[in-house]
Amino acid sequence: MRTFFTAAILLFSSFYLEADSIPAISVFSDSQEVGKAAAQKIADVIIKKKQEGQTPIVLGFATGNTPIPTYAAFKKLVRETNLDLSDVITFNLDEYIGLPTSHSQSYYSFMFSYLFDDLVASPTNPHGIKRENIHIPKGATSHEEDLSQEELTALAERFPDRQGTALSLEEQFWIAEQRANAYEALIEQLGPIDLQILGVGRNGHIGFAEPGTSFESTTMVAKLTENTRNINSSFFDGNVNEVPEFAISMGIRTILNAKEILLLATGSSKAAIIDEVLKSPISSDVPCTALRLHEKTSFFLDEDAAVIYKK
Ligand code: F6R
């Protein structure tokens, strides 16, 4: 019996050690240098796949403060090297539920203002990213006019007694769930994602996969924690009541399905979570630890974010 238990423990620990692969960590002087290195990494993935004749190239993007220098550096690099983006497909991680796409704090607005406005194909930029290749989840709102004809028909079938034009919360959730499932299916169809860019929340979330989210989760309707809403209120003039409570977010399985993952973390507010992500047990309590189950993950950190981990 004792031999059996010893064998079982050895087997388990060898599996655990094999599964737990510490990401490749690079530390840069500051957030600008992280941005430059990350932009170069994105360009390298595009160039390599092109050289191998393996187009399209599928990129996963994140929003938030962290990737802003990356997007600025990437736009510069594209301009300076005339990088052809016509074979690039993009998928964003998440979008708030309840904000129309046109809202200044929607992730749609964020991505266009920090990245896509300057990269989207046009008569003057024929090698840009084709508009139809840009994918950002569409968060549901209470307005019927935000629905496609197909969605309106499906909604009427699912809620035959519905009245008026405003969507109830239940109806919004139902639409959001349909959109989340369709988004996951589209990633499966056009993917896998070649390179997924990530930031990390101070509580260890990735996308809006908050603590407690299953590692097997796929694109889903996610509830934001109060902690995340408080932190994100800085984007809403400090008014936490304006921060949506829900979002559509890639799940952890969706993220792990990417061929390669690049996590960015900058600033001292990320030092504690980076230390925890790298040193604590792999657990859904800290969703970012799931990245240690992925064999091709890199962390690009600045000195401030790496300070505790390096001690
Ligand atoms: C953004 C996202 C989030 C952020 C994270 C860090 O699309 O999904 O997980 O990456 O909240 O945000 P910042 O970069 O603002 O610290």
Side-chain angles (χ1 to χ4, degrees), residues 23-24 34-35 37-50 54-71 73-75 78 83 85 87-96 106-108 110-112 114-116 119-120 129-139 179-201 205-209 213 215 217-220 222 247-265 287-288 290-291 293-300:
V34 169
Q40 189 59 56
K41 171 100 190 161
I42 300 170
D44 290 347
V45 168
I46 297 173
I47 293 164
K48 183 162 182 280
K49 266 203 105 179
K50 266 183 200 294
Q54 284 188 22
T55 53
I57 301 113
V58 188
L59 300 174
F61 286 131
T63 59
N65 284 313
T66 313
I68 292 176
T70 299
Y71 296 153
F74 184 64
K75 289 193 290 190
V78 169
L83 188 62
L85 302 176
D87 289 324
V88 167
I89 295 176
T90 72
F91 283 98
N92 259 81
L93 276 170
D94 41 22
E95 178 61 284
Y96 289 121
S106 75
Y107 284 169
Y108 180 96
F110 177 100
M111 286 309 294
F112 275 82
Y114 285 105
L115 191 66
F116 295 137
L119 296 184
V120 76
I129 308 178
K130 297 185 181 86
R131 177 65 193 83
E132 64 272 24
N133 285 349
I134 296 174
H135 305 285
I136 302 171
K138 195 169 179 225
R179 289 179 177 174
N181 294 341
Y183 198 74
E184 183 73 23
L186 196 62
I187 298 173
E188 263 173 42
Q189 185 195 326
L190 302 176
I193 291 172
D194 291 298
L195 178 67
Q196 174 67 55
I197 304 294
L198 292 180
V200 59
H205 72 214
I206 44 177
F208 278 125
T213 306
F215 283 1
S217 52
T218 52
T219 306
M220 62 191 167
I248 293 180
S249 173
M250 281 188 199
I252 297 178
R253 172 53 48 205
T254 322
I255 292 170
L256 293 180
N257 282 344
K259 286 201 213 160
E260 187 169 358
I261 296 173
L262 173 58
L263 180 127
L264 312 174
C288 192
L291 302 187
L293 300 171
H294 192 281
E295 73 288 353
K296 212 168 175 202
T297 295
S298 316
F299 281 19
F300 283 7

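Atoms CG and CG, from N181 and L186 in turn, are 12.5 Å apart once rounded to the nearest 0.5 Å. Distance check, rounded to the nearest 0.5 Å: CE of M250 to CD of E95 gives 12.5 Å. Expressed to the nearest 0.5 Å, how far CG of N92 lies from OH of Y107 amounts to 10.0 Å. Note that the CG atom of L115 and the OG1 atom of T70 stand 10.0 Å from one another [nearest 0.5 Å]. The structure places CD1 of I255 at 9.0 Å from SG of C288, a figure rounded to the nearest 0.5 Å. One finds the CD1 atom of I252 at 11.0 Å from the OG1 atom of T218 (value rounded to the nearest 0.5 Å).
Taking each heavy atom of P69 and T66 in turn, the nearest pair found is CD-O, 3.2 Å. Across all their heavy atoms, I129 and V88 have their closest contact at CG2-O, 3.7 Å. Taking both residues in full, the closest heavy atoms of V200 and A265 are given as CG1-CB, 4.2 Å, listed atom of the first, atom of the second, then distance. Among all heavy-atom pairs drawn from P287 and A209, the shortest one is CG-O, 3.3 Å.
The aromatic rings of F110 and Y114 lie tilted to each other, with the angle between the two planes from 30° to 60°.
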* Report the C-alpha distance between R253 and F215 in whole Å, list the side-chain angles of each, state the deciding distance to 0.1 Å, and finish with yes or no for side-chain contact (heavy atoms from CB on, under 4.5 Å). => CA-CA 6 Å; R253 172 53 48 205; F215 283 1; 5.5 Å; no

* To do: Check the pair L291 / F299 against side-chain contact (heavy atoms from CB on, under 4.5 Å), numbers first and verdict last.
  => CA-CA 10 Å; L291 302 187; F299 281 19; 3.9 Å; yes

* To do: Could you walk me through whether F208 and I248 pass the side-chain contact (heavy atoms from CB on, under 4.5 Å) test, one step at a time?
  => CA-CA 8 Å; F208 278 125; I248 293 180; over 6 Å; no

* To do: Give the C-alpha distance, both sets of side-chain angles, the deciding distance and a yes or no for side-chain contact (heavy atoms from CB on, under 4.5 Å) between K41 and I197.
  => CA-CA 10 Å; K41 171 100 190 161; I197 304 294; over 6 Å; no

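Side chain of H294 to backbone of A258: a donor-acceptor contact under 3.5 angstrom is found. The backbone N or O of Q196 lies less than 3.5 Å from no partner atom in the side chain of E260, so there is not a single donor-acceptor pair. A donor-acceptor contact shorter than 3.5 Å links the side chain of E184 to the backbone of T219. Within the 3.5 Å criterion, the main-chain N or O of G207 finds no donor-acceptor partner in the side chain of S249. The backbone N or O of A39 sits nowhere less than 3.5 Å from a side-chain atom of Y71 that would complete a donor-acceptor pair.
At a threshold of 4.5 Å between non-hydrogen side-chain atoms, the residues N257 and I193 do not count as touching. A 4.5 Å side-chain heavy-atom check between L93 and L198 finds at least one atom pair inside the cut-off. In this structure the side chain of M220 never reaches within 4.5 angstrom of the side chain of T254, judged on heavy atoms.
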Determine all donor-acceptor pairs shorter than 3.5 Å in which one atom belongs to a side chain in residues 54-64; sequence neighbours excluded.
none

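By the side chain to side chain donor-acceptor pair (under 3.5 Å) test, D194 is found to be paired with K49, K259, residues two or more places apart in sequence or in another chain being considered.
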